[in-house]
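The structure appears right after this line, and notes come after that.
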Amino acid sequence: MSNYVKIFDTTLRDGEQSPGATMTSAEKLEVARSLARMGVDIIEAGFPAASPDDLEAVRRIAVEVGNPPKAESDARVPVITGLARANKSDIDKAWEAVKDAQKPRIHTFLATSAIHMKHKLKMDPEEVVQRVSEMVAYARALCADVEFSPEDAGRSDPDFLYVVLGEAIKAGATTLNIPDTVGYTTPDEYFKLIDGIIKHTPGMHDGITVSVHCHDDLGMATANALAGIQAGARQAEVTINGIGERAGNTSLEEVVMTLKTRHPIFNLETGIETQQLSRVSKLVSNYTGIVVQPNKAIVGANAFAHEAGIHQDGMLKHQTTYEIMRPEDVGVNQTTLVMGKHSGRAALRSRLAIMGHSLDEAELDKAFARFKELADRKKVITDADLEAVIADEFYRPRDVFYLEGLQVSCGTLGMPTATVRLRGPDREVYNFASMGTGPVDATYKAIDAIIKTPCKLLEFNIHAITEGIDALGEVTVRIQSDSSGDTKMDAQSELEYARVYGGHGADTDIIVASAKAYINALNKLIIARTEGTQPVQNNFGVMLG
Ligand code: KIV
Ligand code: ZN
């Protein structure tokens, strides 16, 4: 059996299903590029049947990320896959979306647990077996690489699973993914499930990859995935920061770093360049607005911080007393001085290239202008600062509204007041001044008065990117459309309104960063309404067409 575990990243599909993780197609493309650069073997780029926009986003990733211009080796070309329910229409759309990748895959699924078959599918077990056989064969006629997942396998009868999976192999599936869809199993149970599947599925052979896919409802996703790998699975389906439905999916960084740190136990390899983990984690957090909890394993802000005196004393004597991994192995603490006020355009280009951003001339001009502006206010500029500037400048959605100016007065002597100047989609400039309970409240009220798109601020987070008083402040927000007051809205529209949008902003001035993050999220909401499914409720929607 091979000692290589393929990393299948589903941040853009299962991860994007978590509330508020909605990303624009430019953001999705950048995440896919970063995953490919980091060495992910398979990228699940989305669910093409969900909407024409989703199909197009997967197609762009297949074309641009699935055909790297100068891949060092074939192994560095990622497989691009799209999810499809087990029906012809979904499978056709998935194929349409991935077919232009050098290595396309169709991933189809059907539930196999008694609960799902009876209540959700309303199908007999025999019908399920028949459908799997037909749809896997249909997908295989289109694409040589087909993955099948029996949804809710964690609660399915193992004997029934052997039959279904045997039929999937017969019909041409090459990867069998075993989802613990509701995060119900324990490591011991999941080990036995995978072991049983490998031993008892008819037709199982070395060319078939068994895959783990675990959800974290009971906090055991990583433990379960690793148990499945110990039982012989050689593909792990994971997401960055563990984002995903409900409590999330198995986190990529936890599986990869466990296999690396406890290598003597597992004796298994992955192709992930672990030094990029921290960077990609931040990127996904910024784009989704989903903040990583400080005590999150591997990528949390405190994962390598030592507070207790006894621990600090030990660390000073020897790093290994309290650290089982080196922070630099996951890309933390690579915030050494990289550039300053006197660094030139070429130095910026080369630093960005090392960080994996290849910008064209116009983009480099913009990045350089932002860099100089920052260098005037901050003495040393680190990789983390550059990353924030790049995210802020290039991977935000098309500007519907753009912050042109902001002036705030606050303190103990008067009412906090903000004057905001925005450029709108019609190129007009809008000014508004508001008072509030604090400078952010005043700023957001002024923005609301201009944009006129009712929304609720669900979450507001601010943190300093690096140490020091001149650090860049980074703000992430999550907002939700507010339909209260619209009595004409039907149930479907209300559901669409319930979508959550994340926004990100970075600046040395934290009120400016706050304004940018809020406008960023509002722009996503407005774009979704005017281009996608969301009903238009403001005056500007009609201008966007
Ligand atoms: O959790 C799950 O069952 C899934 C499948 C669709 C693969 O995400
Ligand atoms: Zn899942």
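Just so we're clear, the structure is a prediction, and the values are computed from it rather than from any experiment. In each ligand, atom 1 is the first atom listed, and ligand 1 is the first ligand listed.
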Worksheet item: Between Lys296 and Glu253, does at least one N-O distance fall below 4.0 Å, as a salt bridge requires?
Response: yes
Would you tabulate the side-chain donor-acceptor contacts of residues 263-270 under 3.5 Å, counting partners in other chains and residues two or more places apart, or write 'none'?
residue, atom, partner, partner atom, Å
His263, NE2, Glu269, OE2, 2.8
Thr270, OG1, Ile272, N, 3.3

Worksheet item: Could Lys6 and Asp41 be called an ion pair, given the rule that one side-chain N must be under 4.0 Å from one carboxylate O?
Response: no
Discussion item. I need the atoms of ligand 1 closer than 4.0 Å to a non-hydrogen atom of His215, numbered in the order shown.
Written reply: 1 (O)
Discussion item. Does this structure show an ion pair linking Glu96 with Arg59, if we count only N-O contacts that are shorter than 4.0 Å?
Written reply: no
Practice prompt. Consider ligand 1: state whether an atom of it lies below 4.0 angstrom from any non-hydrogen atom of Glu245.
Written response: no
Item to complete: Verify the neighbour count for atom CG of Asp206: are there more than 12 heavy atoms of other residues, nucleotides or ligands below 6.0 Å?
Response: no
Worksheet entry | Subset of ligand 1 atoms that lie under 4.0 Å from at least one heavy atom of Phe109 | 6 (C)
Item to complete: Can you measure from NZ (Lys192) to NZ (Lys199) and round to the nearest 0.5 angstrom?
Response: 11.5 Å
Worksheet item: Are Glu27 and Lys524 ion-paired here, with the side-chain N under 4.0 Å from a carboxylate O?
Response: yes
Discussion item. Heavy-atom contact check, 4.0 Å cutoff: does His107 meet ligand 1?
Written reply: yes
Discussion item. Within the 4.0 Å heavy-atom shell around Pro179, which atoms of ligand 1 are there?
Written reply: 2 (C), 3 (O)
Worksheet entry | Closer than 2.8 Å to the Zn ion (ligand 2) - protein N, O or S atoms, ordered by chain and residue number | Asp14 OD2, His213 NE2, His215 NE2
